[in-house]
There are 2 protein chains.
Amino acid sequence: MQDTGPYDDRLDKAFLALADPVRRSLVARLSRSSATVNELAEPFQLSKQAISKHIQVLEKAGLITRTRDGQRRPCHLAPAALEELTFWIDGYRLAAEARFRALDGVLAAMRTAPPPNKETRKEVGKDD
Amino acid sequence: MQDTGPYDDRLDKAFLALADPVRRSLVARLSRSSATVNELAEPFQLSKQAISKHIQVLEKAGLITRTRDGQRRPCHLAPAALEELTFWIDGYRLAAEARFRALDGVLAAMRTAPPPNKETRKEVGKDD
DNA sequence: CCTATAATCAACTAATTCGTTTATCAACCA
DNA sequence: TGGTTGATAAACGAATTAGTTGATTATAGG
């Protein structure tokens, strides 16, 4: 259980925030334009309090920011926070894909020139 | 609360799976090479049962696949599932960024040629 | 056959999440 | 000043999650 600092906590909150269809729908809506809580709540059958809570989850995750306009508190999407997530994901995705491509090369070589075959196992090994 | 089908459920599970530092660490580990439960559990202070549960969460989310090698059940990262997530995120991120760039243009134009200024509000409006 | 190993299942507790209802705060307006 | 509207706070219950320990399955190997 190594501690990688507050970085982990940000990712925790951001991924958790997106792990809910209502909140993802709010993100989708806000990608088109900023909006207030009432505007965001309208398409849903949920109470405005529930939407308000969802918005707070998104805000604490850094995925949205809020400003002030009289009694209204408009929400704005924070693209930079979304970019951090894709950055994290793509780092590991690309590494794995590169590894798989390398394996494809190995398998192709094995097809053209069969190996000594000292030991046959179902799994190629821990570095497939 | 619109139903977008099983697509939502996949995203729910995938984002939820990544909303945990242990599971993200497992993903990071598996991006380097496939590994068994025991190998994956070694760096953690958690019980192997706990790690096994985390792995099941990742598997049900489609983020990893499992094969068989005797008594071992090696885990393999599924880059395609990760790609789906970045695809979802980037769709909305890029839309928002494009919108912000467009707003920058509007503001630049306003600086060079001030508007009629019929009504002044702190917020530009719902389409800022 | 018997034992060891890899992994999971089952049961339980503590903590968290999601939605509701009721009440409160703050800003606008007539 | 009093009333309305936008938004949040607080308290509650149902459901889920993350961890534990102890028992169980299944394969490997002497």
Side-chain angles (χ1 to χ4, degrees), chain A residues 1-3 8-9 11-26 30 34-61 63-76 119-123 125-126, chain B residues 1-2 8-9 12-26 30 34-61 63-76 119-123 125-126:
Chain A
M1 196 100 79
Q2 67 239 345
D3 176 31
D8 259 21
D9 197 52
L11 289 177
D12 283 2
K13 288 179 179 164
F15 280 124
L16 186 62
L18 294 181
D20 180 292
V22 172
R23 288 193 290 261
R24 282 199 305 279
S25 182
L26 294 176
L30 289 173
S34 299
T36 65
V37 175
N38 276 323
E39 289 167 342
L40 290 170
E42 203 199 337
F44 299 94
Q45 291 185 332
L46 297 176
S47 65
K48 280 192 283 192
Q49 289 92 332
I51 299 297
S52 187
K53 279 194 192 176
H54 280 302
I55 289 173
Q56 286 179 54
V57 171
L58 289 167
E59 187 180 16
K60 285 177 183 164
L63 296 178
I64 67 173
T65 60
R66 312 198 66 180
T67 50
R68 192 102 208 208
D69 173 26
Q71 355 175 216
R72 307 187 189 163
R73 257 147 279 192
C75 306
H76 320 272
E119 173 191 23
T120 299
R121 283 171 62 185
K122 299 192 195 75
E123 289 293 322
K126 57 153 61 179
Chain B
M1 197 101 79
Q2 66 238 344
D8 259 22
D9 198 52
D12 283 1
K13 288 178 179 164
F15 279 125
L16 186 63
L18 294 181
D20 181 293
V22 173
R23 287 192 292 261
R24 281 200 305 279
S25 182
L26 295 176
L30 290 173
S34 298
T36 65
V37 174
N38 276 324
E39 290 167 342
L40 290 170
E42 203 200 335
F44 298 95
Q45 291 184 332
L46 298 177
S47 65
K48 280 194 280 191
Q49 289 93 329
I51 299 296
S52 188
K53 279 193 191 178
H54 280 302
I55 289 172
Q56 287 181 52
V57 172
L58 289 168
E59 188 180 17
K60 285 177 183 165
L63 295 178
I64 68 172
T65 60
R66 312 198 65 179
T67 51
R68 192 103 209 206
D69 174 23
Q71 7 177 204
R72 305 186 188 168
R73 257 147 280 194
C75 306
H76 321 273
E119 174 191 25
T120 300
R121 284 172 61 185
K122 299 191 196 73
E123 288 293 321
K126 57 153 61 177

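Computed from heavy atoms alone, side chains included, the values below leave out hydrogens, waters and symmetry copies. Each chain gets a letter, A, B and so on, in the order its sequence line appears, and its residues count up from 1.
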Can you tell me how far the CG atom of L58(A) sits from the CG atom of L40(A), to the nearest 0.5 Å? 9.5 Å
For atom CG of L26(A) and atom C1' of dA7(D), their distance in whole Å: 15 Å
Can you find a pair of side-chain heavy atoms, one from L18(B) and one from L63(B), that are under 4.5 Å apart? yes
Please step through side chain to side chain contact (heavy atoms under 4.5 Å, CB included) for the pair R73(A) and V37(A), ending with a clear verdict. CA-CA 7 Å; R73(A) 257 147 279 192; V37(A) 175; 5.7 Å; no
Return no unless some side-chain N or O of S47(A) is found under 4.0 Å from OP1 or OP2 of dG19(C). no
Rounding to an integer number of Å, can you tell me how far K48(B) NZ sits from dT21(D) P? 13 Å
Within the structure, does a side-chain N or O atom of H54(B) lie under 4.0 Å from either OP1 or OP2 of dT17(D)? no
Counting only side-chain heavy atoms from C-beta out, which of dT17(C), dT20(C), dG19(D) sits nearest to L46(B)? dG19(D)
Closer than 4.0 Å, any side-chain N/O of R23(A) to the OP1 or OP2 of dC18(C)? yes
Length of the line joining E42(A):CD and dT5(D):P, which is rounded to integer Å: 16 Å
May I have the list of side-chain donor-acceptor pairs in residues 49-57 of chain B shorter than 3.5 Å, sequence neighbours left out?
residue : atom : partner : partner atom : Å
H54(B)  : ND1  : R23(B)  : NH1          : 3.1

Sort me out a list of protein N/O and nucleotides 11-15 of chain C N/O pairs below 3.5 Å, or just none if empty.
none

Please tabulate, one pair per line, each protein N/O and nucleotide N/O from nucleotides 22-26 of chain D that are separated by under 3.5 Å, including the distance.
residue : atom : partner : partner atom : Å
dG22(D) : O6   : Q49(B)  : NE2          : 2.6

For residues A61(B) and A17(B), report the shortest heavy-atom separation together with the two atoms involved. CB-CB, 3.9 Å
In whole angstrom, what separates I55(A)'s CD1 from dT8(D)'s P? 7 Å
Return no unless some side-chain N or O of S52(A) is found under 4.0 Å from OP1 or OP2 of dA7(D). no
Could you give the CG-to-P distance, from L40(A) to dT8(D), as a whole number of Å? 11 Å
Any residue meeting side-chain hydrogen bond (donor to acceptor under 3.5 Å, both in side chains) with K60(B), in chain and number order, not counting sequence neighbours: none
To the nearest Å, give me how far apart CG (D20(B)) and P (dT16(D)) are. 19 Å
Between dA6(C) and R66(B), is there an OP1 or OP2 to side-chain N/O distance shorter than 4.0 Å? no
CD-OG1 distance between E39(A) and T36(A), expressed to the nearest 0.5 angstrom: 3.5 Å
Ignoring backbone atoms, establish whether N38(A) has a side-chain N or O less than 4.0 Å from OP1 or OP2 of dA7(D). yes
Donor on one side chain, acceptor on other, H76(A) and T65(A), under 3.5 Å: no
Nucleotide dA15(D), atom C1' - distance to CG of L16(B) in whole Å: 14 Å
Length of the CG-C1' vector between D69(A) and dA7(D), whole Å: 13 Å
Nearest atoms (heavy-atom pairs only) where S25(A) meets F44(A): OG-CZ, 3.5 Å
With sequence neighbours excluded, what pairs up with R24(B) under the side-chain hydrogen bond (donor to acceptor under 3.5 Å, both in side chains) test? D12(A)
